[in-house]
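Residue numbers begin at 1 in each chain, while the letters A, B, ... track the order of the sequences.
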Amino acid sequence: MRLSSAFLKTMKEVPKEAQVVSHQLMFRAGMIQKLASGIYNYLPMALRSLRKIEAIIREELEKKGCQEVLMPIVQPAELWKESGRWEYYGAELLRFKDRKDSDFCLGPTHEEVITDMVRKNLKSYKQLPWNLYQIQSKFRDEIRPRFGLMRGREFIMKDAYSFDESVEKSLENYQLMYDAYTAIFNRCGLIFKAVDAATGAIGGDRSHEFQVLAESGEDGILSCSHCGYAANEEKAAIKEKSYKLDNSTFISLEEVHTPNQKSIEEVTEFLGKKPEELIKSMVYMVDEEAVLVLVQGNKEVNEAKIQAYFNANIVHLADDKTVEEITGAATGFAGPIGLNKQIKIAADNGVQGIINMVCGANKTDYHLTDVNIERDFKADVLGDFIHAAAGEPCPVCEEGILEEHRGIEVGQVFYLGTKYSKSMSCNFLDRNGKEVPAEMGCYGIGVGRTLAAAIEQNHDDNGIIWPMAIAPYEVLIMPLQLKDEDVVNVSNTLYKSFLEAGIDAAIDDRNERAGFKFNDADLIGYPVQIIIGSKTIAEGMVEVKVRATGEKQNMKVAEVKDWMINFKSEALK
RNA sequence: CGGGAUGUGGCCCAGUGGCUAGGGCACCUGGUUUGGGACCAGGGGAUCGGAGGUUCGAAUCCUCUCAUCCCGACCA
């Protein structure tokens, strides 16, 4: 590429809406421009990098036997009604009607379409396994798009779906994809962690997220300081304890007047108790069923764990009206004893360890003190329903402590089971001639987000520092004096020889001053700069600068090509 | 959806009732420069987000509306 005719404009200043460094640098380097909130134009520099990431993805997936397909963005509502997700996917699913008044949506993901496509072709176990993928635009009408390509509404995603005859085979496929993802992100030059993850609305019961470690990451990750355990904050487990309470320390239950004291802070202050002596009682709607969730006062309820425990589609707090109906009291005075309407009580394991605890009395302006589990109430279910936090013991090993990191989720793999194949009758005849649903997995990579994450992890004050594998160009040739014939001739010759050697080279043949070119080159982040100036060329030398280290060395013109070929292959190892 | 903020040339910002709406960056022309975002001179580009209203007079005040950003809730 000759920069003199490139569709490229760099900027010294950034729009104030760009809040994170990847967004700022992508804007300044002329890679992306916003069209609407969360919707971006990809300019040539960005697209070149995206295509390289895509090429890496394709290579690694084909190695594992995946086959590429392309499905439509516009999808008929019927399929979504069949899977049930038309009802509960929510406003993130952009719905619209065609001229015949039929319902459609823009695909936020493609489980429905792929399952439909596969069931039309799948007859026998002999055809399996299949693992189909595509790289394509998705649309999710996010409540709050932000951070440029990090959380857009329209974005490029690689999504893959596996179909297997058995759980074992499906988990083998899952592992293949896990390995492929590890290879992909390694090749992209990223520092990342694969962590245990919640499955959310997509369903299924096994999942890992690939998190690129970066301060600006939206996700919290907890990992063990000692063993290899790592999980998304919302999935991270609590270390199991055994609870033996000494009955002799129990005191008798009492009702106390606590006028207008609703929150944990208010009640603890009013009664002179510590937060850990209280039980937080919250009414949740778990799909259609109301459940009273109990956790220790100093802990936070983890909705993802409730959703997983009850295998629910949606979990949300009940509204005030429902709370009043169930408890018989205003919100803020709920508790496990004396509910107006008996509902299921789900207590976090930690509640078993509290002696003489305080909870709402299900009576407005009253709490109960010195309540004890088993003696005063029973939980219908006990489980892990709270958020883990940094500093807590590792749930897996004996020595470790959980540490927190921030991460950008660039990929996630799910084992789905038969959630979609059952609801959509994606069946086949197994070895016994019996019709059974396919075992499925699904696997996503945010391609644009991977690009943004790479910049978050690889930049300095001057600009981007591209990993070689995903740099828009691998090297920039910089003739500094366009009036000097030797400079121009050597530059052009090198440029051609690079292209012939299969190196992605650009040449800055713009009539600009040296300082301008240097700053631009650092901003865009070409891994290598070949600086060609009158002084050095007179001695048959050029200057080679490595962006990542800032190292400069003079080199004979004749040696530059081989050096570059070698440098590139080293960088791609 | 709740809370907060902002909309003035492509980008950053000034202008808070009164002459033809300013500056910096970017862009065009000429000249001087030429190894870390040059300088001088000249020039082009804006219905001040939109609609309505108040006023002799509105970028500025009022009403409505649209858009964007931040925090929260929410989210493969």
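Of the candidate nucleotides B/A73, B/U34, B/G37, B/U34 has the atom lying nearest to any side-chain atom of A/Lys483. The side chain of A/Met11 sits closest to B/G10 out of B/G10, B/C12, B/G37. Comparing atom distances between the A/Phe518 side chain and each of B/G37, B/G36, B/C75 picks out B/G36 as nearest.
Comparing the C1' positions of B/C19 and B/A59 gives an interatomic distance of 16 Å, to the nearest angstrom. B/G7 and B/C61 have their P atoms separated by 11 Å, given to the nearest Å. Using P as the reference atom, B/G42 and B/G23 are 12 Å apart when rounded to the nearest Å. For the C1' atom pair drawn from B/A38 and B/U20, the interatomic distance equals 33 Å after rounding to whole Å. Rounded to whole Å, the separation between the C1' atoms of B/G18 and B/A58 comes to 10 Å. Remark: the separation of the C1' atoms in B/G44 and B/U60 is 28 Å, to the nearest Å. For the P atoms, the distance linking B/G43 with B/U55 amounts to 41 Å, nearest Å. Across the C1' atoms, B/A51 and B/G9 are found 23 Å apart, a figure rounded to whole Å.
A/Glu218 comes within 4.0 angstrom of nothing in the nucleic acid, heavy atoms only. Note on A/Gly533: a base of the nucleic acid sits closer than 4.0 angstrom, heavy atoms only. Within 4.0 Å (heavy atoms only), A/Arg153 reaches no atom of the nucleic acid at all. Residue contacts for A/Lys9: at a heavy-atom cut-off of 4.0 Å it reaches the sugar-phosphate backbone alone, with no base atom in range. Residue A/Asp520 is in base contact, counting any heavy-atom pair closer than 4.0 Å across all strands shown.
A cation-pi arrangement is present between A/Arg95 and A/Trp86, with the terminal nitrogen or guanidinium carbon under 6.0 Å from the aromatic centre and inside a 45° cone about the axis.
For B/G42, the paired nucleotide is B/C28, the pair qualifying as Watson-Crick or G-U wobble because both relevant distances are below 3.5 Å. Across every strand in view, B/U16 sits unpaired, with no contact that passes the Watson-Crick or G-U test at under 3.5 angstrom. For B/G7, the paired base is B/C66 (Watson-Crick or G-U wobble, both distances below 3.5 Å).
Atom CG in A/Leu35 sits about 15 Å away from atom C1' in B/G10, given to the nearest Å. As rounded to whole Å, 13 Å separates atom P of B/G35 from atom CG of A/Asp484. In this structure, the CG atom of A/Asn519 is 12 Å from the P atom of B/A26, given to the nearest Å. In this structure, A/Gln33 atom CD and B/U68 atom C1' are separated by 16 Å, rounded to whole Å. The distance from atom CD of A/Glu13 to atom P of B/A26 is 10 Å, rounded to the nearest whole Å. One atom, CD1 of A/Ile314, and another, P of B/A73, lie 19 Å apart when rounded to the nearest Å.
No side-chain N or O of A/Asn302 forms a donor-acceptor pair with one of A/Glu234 less than 3.5 Å apart. The closest side-chain donor-acceptor pair between A/Ser207 and A/Gln412 falls under 3.5 angstrom. Counted by atom type alone, A/Tyr40 and A/Arg153 present zero donor-acceptor pairs between their side chains at under 3.5 Å.
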Interface polar pairs with nucleotides 69-71 of chain B, N/O, under 3.5 angstrom:
from, atom 1, to, atom 2, distance (Å)
B/C69, OP2, A/Ser37, OG, 3.0
B/C70, OP2, A/Arg144, NH1, 3.3
B/C71, OP2, A/Arg144, NH1, 2.7
B/C71, OP2, A/Arg144, NH2, 2.4

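Under the rule for a side-chain contact (heavy atoms from CB on, under 4.5 Å), the partners of A/Ala389 that lie at least two apart in sequence or sit in another chain are A/Glu392.
For A/Asn462 against B/G36, a side-chain-to-base donor-acceptor contact under 3.5 Å is absent. Under 3.5 Å, the side chain of A/Glu512 and the base of B/G37 form no donor-acceptor pair of N or O atoms.
In this structure, CG in A/Asn186 is found 9.5 Å from CD in A/Glu60, a value given to the nearest 0.5 Å.
Between A/Phe192 and A/Phe210, the ring planes are tilted. Angles from 30° to 60° get that label.
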